[in-house]
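Chain identifiers are assigned alphabetically (A, B, ...) following the order of the sequence lines, protein sequences preceding nucleic acid strands; residue numbering begins at 1 within each chain. For the numbers below, each heavy atom of this structure counts, side chains included, while hydrogens, waters and symmetry mates do not.
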Number of protein chains: 2
Amino acid sequence: MNATRERILAATAHILSRRGVAGTRLADIAAHADLRTPAVYYYFTSRNDLVAEVMRDGQRRVREHVHNAITSAPPESPVIELIEAAVEAHLRIELELSDFASAVTRNAGQLPPGIAESLHLESAAYHAIWRNLLEALAESGQLRTGLDIGIARMLIIGALNWTAEWWNPEHDSLDTLIATAQSIVRSSLTSS
Amino acid sequence: MNATRERILAATAHILSRRGVAGTRLADIAAHADLRTPAVYYYFTSRNDLVAEVMRDGQRRVREHVHNAITSAPPESPVIELIEAAVEAHLRIELELSDFASAVTRNAGQLPPGIAESLHLESAAYHAIWRNLLEALAESGQLRTGLDIGIARMLIIGALNWTAEWWNPEHDSLDTLIATAQSIVRSSLTSS
DNA sequence: GTCTATAAGTAGATAGAC
DNA sequence: GTCTATCTACTTATAGAC
């Protein structure tokens, strides 16, 4: 596509994921993309449009990355292993691979009205992936009994999303974090 | 203490917990406290000072509420039941009892430099409570083997904190949320 | 396509009356 | 103690040159 446009999007994701929606200035975005502020308006009609596109793109990247991890698992994999693959994919895209992804999780809750709605479809599609995984686990008979499947899904995704708030690569390796998260998710969902 | 000062603090917590740090305007705070903006400066030297006090107060309230839940548990309670009491207390103070508490969890990650440091001591004291609980569980021999205790703590607190982003009382009752969270935490930490 | 210059609006903070 | 009036700084957005 257009290189400058992509650079502006990447700069926005970078700053959004660190400073938050309301703390993200067009001047900072432009500086990070090696431009002056007005140049942004050649590619985007407003700050809100730019932010909205980054958020939608970020949510799409998370969904695609997790989706790929699930569909590229060995055929006939037990459902719980697909769930563990999803845990790893979610953490890697969020913490290691993409500012777009962390921009979404760190800002989804405090978006101005217009942007929130524009994200809704993408967000619903992502949650549908997890809902399907948990329903498949229930159908396989391995889900721990008495668990509210919708609440469990949100608690798990919450634990994963919150890592963006505290994880420090100098303190814990990403591999250790992933292994611990997988262990906790497996143990909390299954009975064995 | 001073009623007006308290009203300003409460108004700030209310708006902070809904709109985020950078989205919180002094004019909105003043209006919610039934005052004009300059009156705020009679009680606080700056917007940052006001926000910092609300955040420290919120973190203190969470810590005290959880601490009380633990110490008022029946004597000789098994550690895992203290942990379940802590889960309930954290969710209740956050979702039901205090705008100050939700102001903390929804903004802790994106605070301007000055405020972040002023919250550090309170925040460390709260995490120490959970660290003690998990260490006691390990010493009792009931902690699942091979679990990184520090990462597990952050994943659990993250799952609880994230509820502020999605929980809707019209969709799930708080009691159901608490029971599900307790079940998941117990199952993820213990082997039985 | 990207710039300089600037308009228009908004937010934090202060001055001083009451 | 709280107000009205105002200052200053900052941010989004536009105009128009190059």
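The A/N2 side chain lies nearest to C/dG1 when the options are C/dA13, C/dG1, D/dC3. Candidate nucleotides D/dT2, C/dC3, D/dT4 were compared by shortest atom distance to the side chain of B/Y43, and D/dT2 ranks first. The side chain of A/S46 approaches D/dA13 more closely than any other nucleotide in the set D/dT4, D/dA13, D/dT14. Closest contact between the side chain of B/R47 and the listed nucleotides D/dC3, C/dG12, D/dT14 involves C/dG12. Checked against D/dT12, C/dT4, D/dT2, the side chain of B/T4 finds its nearest nucleotide in D/dT2. Listed nucleotides: D/dG1, C/dT2, D/dT11. Nearest to the side chain of A/R25: D/dT11. The listed nucleotides are D/dC3, D/dT12, C/dT2; the one nearest the side chain of A/L26 is D/dT12.
The overall bend of the helix from C/dG1-D/dC18 to C/dC18-D/dG1, read as the angle between its terminal helix axes built from five base pairs each, is 0° when rounded to 10 degrees.
With respect to B/H90, the side-chain contact (heavy atoms from CB on, under 4.5 Å) criterion is satisfied by exactly one of B/N161, B/T163, B/I156: B/N161.
The distance from atom CZ of B/F44 to atom P of C/dG12 is 15 Å, rounded to the nearest whole Å. Distance, A/L50 CG to D/dA13 C1': 14 Å, rounded to whole Å. Going from atom CG of A/N48 over to atom P of D/dT11 covers 16 Å, rounded to whole Å. The CG atom of B/L35 sits 15 Å away from the C1' atom of D/dT4 (whole-angstrom rounding). Residue B/R36 contributes atom CZ, which lies 20 Å from atom P of C/dA17 at whole-angstrom precision. Regarding A/R7, its CZ atom lies at a distance of 7 Å from the P atom of C/dT2, rounded to whole Å. What separates OH of A/Y42 from C1' of D/dT14 is a distance of 16 Å, to the nearest Å.
Side chains of A/R144 and B/S183: a donor on one and an acceptor on the other come within 3.5 Å. Remark: the A/R61 side chain and the A/H65 side chain contain no N/O donor-acceptor pair separated by less than 3.5 Å.
Two residues are said to be in side-chain contact when any heavy atoms from C-beta on lie closer than 4.5 Å; A/D28 and A/R19 meet this criterion. A/E53 has its side chain within reach of A/R5: a pair of non-hydrogen atoms, C-beta onward, lies under 4.5 Å apart.
Linking Ile, Leu, Val, Met, Phe, Trp and Tyr whenever their side-chain heavy atoms come within less than 4.5 Å leaves A/L121 and A/V62 in two separate clusters.
To the nearest 0.5 Å, atom CG of residue B/L95 and atom CG of residue B/N168 are 11.0 Å apart.
In this structure, A/Y41 reaches the D/dA13 phosphate: one of its side-chain N or O atoms is under 4.0 Å from OP1 or OP2.
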